[in-house]
> 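Just passing along the structure, written as structure tokens.
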Amino acid sequence: MSVENQLVVFDFDWSMADQDTDRWIFEVLAPDLRRKMKGLKEQIQWTDLVAQSLREAHTRGITRAQIEHSLRIMPFHPAMVRAVTNLKARGETTFLCLSNSNSVFISTILKEKKLESLFTEIVTNPAEWDNELLKLRRRVDPNGPQHNCKVGCSPNMCKGEELTAFLERHGKDFDRIVYVGDGSNDFCPILRLRSQDVVFCRSHRGLQKRIDNEVSKEGLKCQIQYWAGAWEVEEMFDRI
């Protein structure tokens with residue numbers, strides 16, 4: 001297929017990066033808080049739980065510098081850096097990040113990898129530093145209008161609605177959309193893809209499970225390719 005303009009959509013945790021930002025910083029800096037989060041994740045909405053854990057870390061004296069350092073050393077494969085850098089250099093691709101992480105975590109890591117200019121937009125939960133405290137809130141305010149997702153997106157954000165809104169904001173049809181994801185919350189947006197689009201699904205994680213279990217009920221028009229390591233994404237990007 002001849003492609004003059006394509007959109008590559010990236011989830012961040014376990015898709016672009018080789019770890020989960022929300023969990024990683026506590027594993028590095030306060031493993032007991034990580035254990036506490038594991039116990040509370042069924043009771044408290046995840047973004048709220050991360051915000052609560054950041055406040056608790058702050059009361060313990062965990063600093064901005066410590067958090068930023070832990071993000072800078074988080075696993076991120078050199079092949080992924082090459083993959084996106086080379087694809088962007090070819091000129092026909094727009095990049096969008098759709099992530100349930102947050103703006104500070106993502107921007108800190110992208111700066112470390114010299115990828116600050118990669119994405120046209122980063123759609124995620126907003127966060128900002130208040131001196132040493134990282135304040136985090138849901139993208140969808142719990143006190144305002146909620147999203148209308150019917151396939152199980154978390155209350156903080158519907159990735160399907162966000163993808164549709166991005167396409168409407170940019171007002172053009174892309175010849176092809178490539179979606180790189182791994183988690184169960186990536187299922188909703190890939191349901192909106194067309195037959196010429198493709199999902200690069202990380203194997204043996206939540207997205208593959210939902211594809212295996214729910215596609216017959218929900219229907220899926222796009223193509224599916226599976227990968228396990230970033231070096232395979234580099235190969236796949238070289239072919240598109």
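Heavy-atom basis, side chains included; hydrogens, waters and symmetry copies ignored. Please read these numbers as outputs of a predicted model, since none were measured by experiment.
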> How far apart are the closest heavy atoms of Leu193 and Cys222, and which atoms are they?
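Smallest interatomic distance, heavy atoms only, reads CB-CB, 3.7 Å.
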> Would Val198 end up clustered with Met80 when hydrophobic side chains under 4.5 Å apart are linked, directly or stepwise?
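The answer is yes; both residues are in one hydrophobic cluster.
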> For the pair Glu128 and Arg137, find out whether any cationic side-chain nitrogen is under 4.0 Å from an anionic carboxylate oxygen.
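Yes, this pair counts.
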> Below 4.5 Å, heavy atoms only, C-beta onward: do Leu118 and Phe10 meet side chain to side chain?
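SC-SC contact between Leu118 and Phe10 ruled out.
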> Which atom pair, heavy atoms only, marks the closest approach of Leu87 to Phe237?
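Closest approach of Leu87 to Phe237, heavy atoms only: CD2-CD2, 3.7 Å.
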> Kindly say whether Pro126 contributes a backbone atom to a donor-acceptor pair with the side chain of Asn102 at under 3.5 angstrom?
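No; zero donor-acceptor contacts below 3.5 Å.
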> Any link between Phe105 and Phe26 through a network of hydrophobic side chains (Ile, Leu, Val, Met, Phe, Trp, Tyr) touching at under 4.5 Å?
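In one cluster: yes.
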> Between Ser103 (side chain) and Ala127 (backbone), is there a donor-acceptor pair under 3.5 Å?
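It does hold such a pair.
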> Does Val215 share a hydrophobic cluster with Phe200, counting links as ILVMFWY side-chain heavy atoms below 4.5 Å and allowing steps through other members?
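As far as the 4.5 Å side-chain criterion goes, Phe200 and Val215 are not connected within one cluster.
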> Hey, is the main chain of Leu71 close enough, under 3.5 Å, to the side chain of Trp24 for a donor-acceptor pair?
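Pair absent, no side-chain N/O of Trp24 close to backbone of Leu71.
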> Distance from Met236 atom CE to Tyr226 atom OH, nearest 0.5 Å?
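Interatomic distance, Met236 CE to Tyr226 OH, rounded to 0.5 Å: 10.5 Å.
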> Take a 6.0 Å sphere around CG of Asp173 and say whether it holds more than 12 heavy atoms from other residues, nucleotides or ligands.
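Check fails, neighbour count at 12 or below.
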> Is there a donor-acceptor pair closer than 3.5 Å between any side-chain N or O of Asp130 and the backbone N or O of Leu133?
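Side chain of Asp130 to backbone of Leu133: no pair is present.
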> If you round to the nearest 0.5 Å, how far is CD of Gln66 from CZ of Arg60?
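Here the interatomic distance stands at 12.0 Å.
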> Take atom NZ of Lys88 as the centre, draw a 6.0 Å sphere, and report whether it contains more than 12 heavy atoms from other residues, nucleotides or ligands.
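Result for NZ/Lys88: enclosed.
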> Are the side chain of Lys113 and the backbone of Val81 linked by a donor-acceptor contact shorter than 3.5 Å?
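Side chain of Lys113 to backbone of Val81, a donor-acceptor pair under 3.5 Å: no, none is there.
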> Quick check: do Met157 and Asn185 have side-chain heavy atoms less than 4.5 Å from each other?
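They are not in contact (no side-chain heavy atoms under 4.5 Å apart), so the answer is no.
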> Does one hydrophobic cluster hold both Ile106 and Val9, with members joined at side-chain heavy-atom distances below 4.5 Å?
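Ile106 and Val9: separate clusters.
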> For the atom pair CG (Asn148) and SG (Cys153), what is the distance rounded to the nearest 0.5 Å?
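So the CG of Asn148 and the SG of Cys153 are separated by 11.5 Å.
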> Within a reach of under 6.0 Å around CZ of Arg72, are more than 12 heavy atoms found that belong to other residues, nucleotides or ligands?
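Atom CZ in Arg72 is crowded, with more than 12 foreign heavy atoms closer than 6.0 Å.
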> Between the side chains of Asn156 and Asn100, is a donor N or O closer than 3.5 angstrom to an acceptor N or O?
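The criterion, which ignores hydrogens and geometry beyond distance, is satisfied for Asn100 and Asn156.
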> Is the backbone N or O of Ser154 less than 3.5 Å from a side-chain atom of His147, with the two atoms forming a donor-acceptor pair by type?
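Answer holds: yes.
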> Flag the pair Pro142 / Pro155 as yes when at least one side-chain heavy-atom distance between them is below 4.5 Å, and no otherwise.
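Of all side-chain heavy-atom pairs linking Pro155 with Pro142, none is under 4.5 Å.
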> Can Arg210 and Glu214 be counted as an ion pair, charged N to O under 4.0 angstrom?
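Answer for the salt bridge query: yes.
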> Is the ring pair Phe95/Phe119 parallel, tilted or perpendicular, if the boundaries are 30 and 60 degrees?
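Answer is perpendicular, since the angle exceeds 60°.
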> Using 0.5 Å steps for rounding, measure from the CG atom of Leu49 to the CG atom of Asp22.
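Taking CG in Leu49 and CG in Asp22, the distance rounds to 9.0 Å.
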> Please tell me whether Glu121 and His170 have a donor and an acceptor in their side chains that are separated by less than 3.5 angstrom.
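Their side chains do contain a donor-acceptor pair, which is all the 3.5 Å distance test asks for.
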> Rounded to the nearest 0.5 Å, what separates atom CD in Glu218 from atom CG in Asn213?
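Going from the CD atom of Glu218 to the CG atom of Asn213 covers 12.0 Å.
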> Starting from Leu98, can I reach Met16 by hopping between I/L/V/M/F/W/Y residues whose side chains sit under 4.5 Å apart?
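Shared cluster, no.
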> For the residue pair Asp186 and Tyr179, confirm or rule out a side-chain donor-acceptor distance under 3.5 Å.
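Side-chain D/A pair, Asp186 to Tyr179: present.
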> Are the side chain of Ser99 and the backbone N or O of Thr124 linked by a donor-acceptor pair below 3.5 Å?
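Not at all, since once roles are kept as given, no pair shorter than 3.5 Å links the two residues.
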> Could you check whether Thr94 and Thr120, counting side-chain N and O atoms only, form a donor-acceptor pair closer than 3.5 Å?
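Note: Thr120 and Thr94 side chains miss the donor-acceptor criterion.
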> How many angstroms lie between CD1 in Ile25 and OG in Ser53, if you round to the nearest 0.5 Å?
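Output value for this atom pair is 8.5 Å.
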> In the structure I gave you, are the side-chain heavy atoms of Thr93 and Ile240 within less than 4.5 Å of one another anywhere?
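Not in contact.
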> Would Arg205 pass as a cation-pi partner of Trp227, given that its NZ or CZ must be under 6.0 Å from the six-membered ring centre and within 45 degrees of the axis?
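Because its charged atom misses either the 6.0 Å distance or the 45° angle limit, Arg205 does not stack over Trp227.
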> Using only atom types and a distance under 3.5 Å, with no angle test, would you say the side chain of Asp197 pairs donor to acceptor with the backbone of Ile177?
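Yes, Asp197 side chain to Ile177 backbone: donor-acceptor pair under 3.5 Å.
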> Where do Ile67 and Leu54 land on the side chain to side chain contact (heavy atoms under 4.5 Å, CB included) test, with the steps shown first?
CA-CA 10 Å; Ile67 292 172; Leu54 286 166; 4.3 Å; yes
> Do side-chain atoms of Ser107 reach the backbone of Val104 as a donor and acceptor pair under 3.5 angstrom?
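At least one qualifying donor-acceptor pair exists.
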> Is the backbone N or O of Trp14 less than 3.5 Å from a side-chain atom of Arg202, with the two atoms forming a donor-acceptor pair by type?
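Yes: the side chain of Arg202 pairs with the backbone of Trp14.
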> Are side-chain heavy atoms of Val50 and Met37 found at a separation under 4.5 Å?
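The answer is yes, as the side chains (C-beta and beyond) meet within the 4.5 Å cut-off.
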> Other residues, nucleotides and ligands only: do more than 12 of their heavy atoms fall within 6.0 Å of NE2 on His69?
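Open: at most 12 neighbouring heavy atoms sit under 6.0 Å from NE2 of His69.
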> Compare every heavy atom of Asp11 with every heavy atom of Gly181, then report the nearest pair and how far apart it is.
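So the two residues come closest at CA-CB, 4.1 Å.
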> Minimum heavy-atom separation for Thr21 to Ile109, with atom names?
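Distance-wise, the nearest heavy atoms are CG2-CD1, 3.6 Å.
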> Which heavy atom in Glu132 sits nearest to a heavy atom in Arg64, and how many Å separate them?
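The answer is OE1-N, 2.8 Å.
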> Indicate the atoms forming the closest heavy-atom contact of Glu4 with Asp175, along with that distance.
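Closest heavy-atom pair between Glu4 and Asp175: N-OD2, 2.7 Å.
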